[in-house]
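Below you'll find the structure, written out as structure tokens, and then a few comments.
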Amino acid sequence: MTKRRDETRTTDTLDRLRAEIEDRNPAQPEFLQAVAEVLDTLAPVLADRPEYAEPGLVERLCEPERQIIFRVPWQDDRGRVHVNRGFRVEFNSALGPYKGGLRFHPSVNLGIVKFLGFEQIFKNALTGLGIGGGKGGSDFDPRGRSDAEVMRFCQSFMTELHRHIGAHTDVPAGDIGVGGREIGYLFGQYRRITNRWEAGVLTGKGPGWGGSLIRPEATGYGNVLFTAAMLRERGEDLEGQSVVVSGSGNVAVHTIEKLTALGANPITCSDSSGYVVDEKGVDLDLLRQVKEVERARIGTYAQRRGASARFVPGGRVWEVPADVALPSATQNELDGNDAAALIRNGVKAVSEGANMPATPEAVQLFQRSGVAFGPAKAANAGGVAVSALEMAQNASRTAWPAVRVEEELARVMADIHTTCRETAARYGSPGDYVTGANIAGFERVAEAMVAQGVI
Ligand code: NDP
Ligand code: 2IT
């Protein structure tokens, strides 16, 4: 009874706080969405642990420690000057150096970077590997740019960013539009400016110069392992299940690879031009040739694949019936209508490879319909977990074999799955991975923030 009263009181406090945050951060809908999704689940833990409900703790958690915005001028191949905007939001370092990727996409703005940095705090806490939360990027559009243009952009971006980062301060990595090529150019410029071979300043490096094996694979592999763990709780496994995957970048490709290895049948992939459905299962070699080697559009896959594949311009993969759905492209790519279509078609599990791909309405529909739902903070934490393992290898000047990294990744994902389940059950929401992930991540950060005082 008292507990319920405490919970009502904390819910009122959280509602007030949410209104204040909305006032203070206008025109940042994605950030406000990410904050609301977390605050909506914290009432039970704040009622249970009064020290975390102390005035100011949640407010501090929702305000970045530091936000850096800078000009990024660069010249294209014809000598024309372009001016982009660069961002790094250093959100929370209670558990370790700021850690999180860089996104290069025309849609990037401060609100997007803040939403991603906020998510990263909880995700990184869930890994248990001692990393704080941050994110960065630019509204630069790499599409159609030559390697030389991308290199000049990365060099200009790092010319400013270098003064803010470091192996013990802030460690960026990749995200949308930033993969091995970009990390290479960024690392080269950092090394040149600082005259330091400081491998631990960036993760996602090439395996010959400080990168960890399995880092490129880790996010997609991790999400598939998390999905398999959710299915196991229901007495099922992935073998023979049909899977709709969105996206065709780093996360999607390695999701498809692991699904195939485990005997599942990934039947779709997509990009912003539309999607491909391939009845025989996506041909990974062809997909990589089209997207990674040629950097072409996804329709090219269907043109070359033959009768089993069809390109649907402008469509969304969620209209294709499947047992499992793994959104792996971008935020808010799966809305209430998409969720309803998936549920109508009998989907059993949905797990977020991308960050915040399902809208709040979609998440609610899945949960109400008894679909197993893996939230991004837990399900896609494999990427940043292996980034932390890359930092460990760099610090000890060693390189682990792929099997060791894969074993560690599997251990971390299993641990996150168990932690989310146990936490959800402890707070009265058994099977609710959203509540489990938010509260478990929050507890770890809150404990460190309380111990370290008001800073
Ligand atoms: P990539 O750049 O490799 O691939 C992104 C894919 O998503 C492309 O197919 C792209 O299509 C599509 N996409 C991007 N933006 C949009 C958009 N606005 N509308 C429609 N499609 C879009 O990125 P990643 O695979 O690395 O990242 C995918 C998601 O996974 C992101 O949400 C990212 O934050 C998240 N993530 C990534 C991790 C990593 O380790 N890389 C770790 C954890 C999460 P197009 O080329 O047409 O734009
Ligand atoms: O969203 C993410 O977790 C990432 N883009 C990976 C971050 C990292 O530092 O590896």
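Counting starts at 1 for both ligands and their atoms, in listed order. Throughout, numbering of the chain's residues begins at 1 and tracks the sequence.
Atom 4 (O) of ligand 1 has Gly249 CA, 3.3 Å as its closest protein atom, hydrogens excluded (heavy atom only). Looking at atom 15 (N) of ligand 1, its nearest protein heavy atom turns out to be His105 NE2, 3.5 Å. Closest to atom 32 (O) of ligand 1 among all protein heavy atoms lies Asn355 N, 3.1 Å. The nearest heavy-atom contact from the protein to atom 37 (C) of ligand 1 is Val251 CG2, 3.5 Å. Distance from atom 12 (C) of ligand 1 to its nearest protein heavy atom, with residue and atom name: Ala329 CB, 3.9 Å.
Put simply, no part of Gly179 is less than 4.0 Å from ligand 1, judged by heavy atoms. Ligand 1 is approached by Arg297 to a heavy-atom distance shorter than 4.0 Å. Ligand 1 is approached by Arg215 to a heavy-atom distance shorter than 4.0 Å. By the 4.0 Å heavy-atom criterion, Glu119 is excluded from the residues contacting ligand 2. Ligand 1 is never approached by Met356 to a heavy-atom distance shorter than 4.0 Å. Proximity of Ser270 to ligand 1 is established by a heavy-atom distance of less than 4.0 Å. A heavy-atom separation below 4.0 Å is not found between Ser107 and ligand 1.
At a heavy-atom distance under 4.0 Å, only side-chain atoms of Arg215, from C-beta outward, approach ligand 2. Of the heavy atoms in Leu116, none comes closer than 4.0 Å to ligand 2.
Taking distance alone, with nitrogen or oxygen atoms compared against 3.5 Å, Ser273 stays at or beyond that limit from ligand 1. Here's the thing with Gly174: one of its N/O atoms is less than 3.5 angstrom from an N/O atom of ligand 2.
With rounding to the nearest 0.5 Å, the separation of CE in Met230 from OG1 in Thr227 is 5.0 Å.
Of all the atoms in ligand 1, the ones that sit under 4.0 Å from a non-hydrogen atom of Ser328 are 28 (C), 29 (C). Near Gly177, with a cut-off below 4.0 Å to any heavy atom, the atoms of ligand 1 are 2 (O). Here is the list of ligand 2 atoms found below 4.0 Å of a heavy atom in Ser387: 8 (C), 9 (O), 10 (O).
For atom 10 (C) of ligand 1, the nearest protein heavy atom lies 4.0 Å or farther away.
Shown here is Glu279, whose CD atom has no more than 12 heavy atoms of other residues, nucleotides or ligands within 6.0 Å.
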